[in-house]
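First comes the structure, then the notes that go with it.
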Amino acid sequence: MSETVFESDASLPALGWSDGPEALEAMAAGQLQSTEVLQMLALGERVVHPHGRGHTVLHHWKPKQANGRAPVVLLHGGSGSWTHWVRSIAPLTEAGHDVWAVDLPGFGDSDPVAGAHDADGLIEPLGHMLEALFPRQPVQLVGFSFGGMTAGMLAAAFPQAVQQLVILGAPGIGLSAKHPFRLKGWRHLKSPYAQLQHHVFNLGELMLRDGQRITRDTVALHVANVQRDRLPRRRISSTDILLKSLQKVGCPVTAIYAEGDALYPSLLGEVETLLAASARDFRGLHRVADAGHWVQYEAPAAVHALLLPMLSRKPEVG
């Protein structure tokens with residue numbers, strides 16, 4: 001292994017753990033994974049579904065006692081993977097839900113779709129995947145951030161495959177010009193230590209409100225995800241594509257956003273108004289206090305207190 005140079009940036013926070021050079025280099029390369037993720041992987045099964053010349057990878061967890069509700073399919077955020085939902089799997093399965101967490105094509109372990117550069121290129125293969133895996137019952141589709149926008153587009157294009165839509169912190173509302181945050185680049189840095197510092201900064205700038213919650217495991221999970229992002233030129237989230245999609249969605253639509261979401265600082269009232277005016281069957285926007293954009297990771301108890309009743313309600317007939 002080449003010699004590691006530990007540059008530092010006085011404007012960035014020091015790392016809060018004491019790994020040696022080899023471990024830090026492995027973490028910066030995305031070769032380490034969080035303990036939470038490894039534990040959850042061991043409890044589920046890996047499912048591979050073909051798309052074109054590649055494959056979409058899903059992770060599946062069965063409940064010990066099924067509650068009879070439709071399967072729950074989780075879509076992650078941009079530059080992420082199923083691990084964005086790592087703190088949601090146990091609460092969902094304990095409540096009796098059959099849970100499927102997707103690595104969207106071009107992220108995590110899933111191959112990119114040929115010619116796809118953004119969410120709009122993923123809709124057709126994802127819709128066919130839902131039809132193939134769940135031919136008898138529409139699913140409860142839950143999407144976070146980029147995955148929430150994708151879920152809205154998916155529910156519009158494949159209405160027969162989606163029973164209910166829940167979005168968390170989703171963009172595509174046409175308010176992106178007001179984003180105040182600025183992320184730091186890291187790929188150009190030679191030092192793993194400096195790269196990790198920038199990852200810590202970016203997590204605090206966009207994903208989590210409380211910097212004290214950015215642990216070694218959080219950084220390992222995040223870096224393993226961003227290192228596998230093969231759709232780096234995404235732009236559609238800055239448009240109002242979610243609003244346009246929701247106009248075509250007939251199933252119930254519910255939203256969960258953190259009050260400290262960096263995407264929409266002090267704009268949740270406007271977000272709620274736009275969602276309510278677009279979705280045909282809007283069931284409200286629920287706010288989570290003391291959390292940032294990655295709300296289900298930073299405030300899992302508060303999110304699941306909202307989400308579980310939504311997923312457990314009986315579907316309406318007619």
Side-chain angles (χ1 to χ4, degrees), residues 70-78 80 84-85 102 104-105 116 118-131 134 138-179 234-259 261-264 267-288 293-296 303 306-307 309-311 313 315-318:
V72 175
V73 176
L74 305 173
L75 304 186
H76 61 78
H84 275 168
W85 293 102
V102 183
L104 293 170
D118 213 318
D120 53 349
L122 310 183
I123 303 307
E124 185 173 354
L126 288 174
H128 293 323
M129 178 191 74
L130 292 182
E131 291 177 332
F134 311 102
V139 304
Q140 304 195 78
L141 192 58
V142 185
F144 162 61
S145 193
F146 174 84
M149 180 183 70
T150 303
M153 298 169 68
L154 186 55
F158 291 83
Q160 72 285 355
V162 181
Q163 179 187 100
Q164 175 180 196
L165 173 63
V166 182
I167 58 174
L168 289 77
I173 304 176
L175 298 176
S176 59
K178 302 178 182 180
H179 293 184
R234 303 184 304 277
R235 296 291 183 271
I236 201 171
S237 63
S238 63
T239 72
D240 62 351
I241 187 64
L242 176 60
L243 299 182
K244 291 179 178 177
S245 298
L246 291 180
Q247 294 171 5
K248 305 173 185 177
V249 174
C251 71
V253 178
T254 313
I256 299 173
Y257 283 75
E259 291 183 350
D261 194 327
L263 293 183
Y264 304 112
L267 292 173
L268 291 188
E270 189 172 349
V271 169
E272 183 172 15
T273 298
L274 290 170
L275 292 175
S278 301
R280 299 180 188 176
D281 186 2
F282 187 58
R283 303 297 178 92
L285 184 150
H286 301 264
R287 306 184 186 202
V288 177
H293 181 57
W294 193 5
V295 62
Q296 75 274 22
V303 168
L306 296 169
L307 181 60
M310 298 174 193
L311 299 177
R313 62 193 177 201
E316 298 173 6
V317 179

Mark yes when over 12 heavy atoms from residues, nucleotides or ligands other than Glu259 sit less than 6.0 Å from its CD; otherwise mark no.
-> yes
To check you understand the geometry: which heavy-atom pair defines the closest contact between [X] and [Y], and what is its length?
X      : Y      : value
Pro71  : Pro138 : CD-O, 4.3 Å
Gln140 : Leu311 : NE2-O, 3.0 Å
Ala170 : Ile173 : O-CD1, 3.4 Å
Gly77  : Ser145 : CA-CB, 4.0 Å
Leu274 : Leu243 : O-CD2, 3.7 Å
Glu270 : Leu175 : OE2-CD2, 3.3 Å

How many angstroms lie between [atom1] in [X] and [atom2] in [Y], if you round to the nearest 0.5 Å?
X      : Y      : atom1 : atom2 : answer
Leu168 : His293 : CG    : NE2   : 9.5 Å
Leu75  : Phe144 : CG    : CZ    : 12.0 Å
Ser245 : Ile123 : OG    : CD1   : 7.5 Å
Ile241 : Ile236 : CD1   : CD1   : 4.5 Å

Could you pull out all donor-acceptor pairs under 3.5 Å where a side-chain atom in residues 246-254 meets a protein atom, sequence neighbours excluded?
{"residue": "Thr254", "atom": "OG1", "partner": "Arg313", "partner atom": "NH2", "Å": "3.3"}

Just wondering, do [Y] and [X] contact through their side chains at under 4.5 Å, heavy atoms?
X      : Y      : answer
Leu267 : Tyr257 : no
Leu104 : Leu126 : yes
Leu307 : Gln296 : no
Met310 : Val142 : no
Asp261 : Val271 : no
Gln164 : Arg283 : no

Main-chain N/O of Asp120 paired to Asp118 side chain as donor or acceptor, under 3.5 Å |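 Not confirmed, Asp118 side chain does not pair with Asp120 backbone.
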Give a yes or no answer on whether the side chain of Glu272 reaches the backbone of Ala255 with a donor-acceptor pair at less than 3.5 Å.
-> no
Show me the donor-acceptor pairs within less than 3.5 Å that the side chains of residues 147-161 make with the rest of the protein, sequence neighbours left out.
{"residue": "Thr150", "atom": "OG1", "partner": "Phe146", "partner atom": "O", "Å": "2.8"}
{"residue": "Gln160", "atom": "NE2", "partner": "Glu131", "partner atom": "OE2", "Å": "2.7"}

Can the ring centroids of Trp294 and His84 be said to lie less than 6.0 angstrom from one another?
->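 Between Trp294 and His84, the centre distance is under 6.0 Å.
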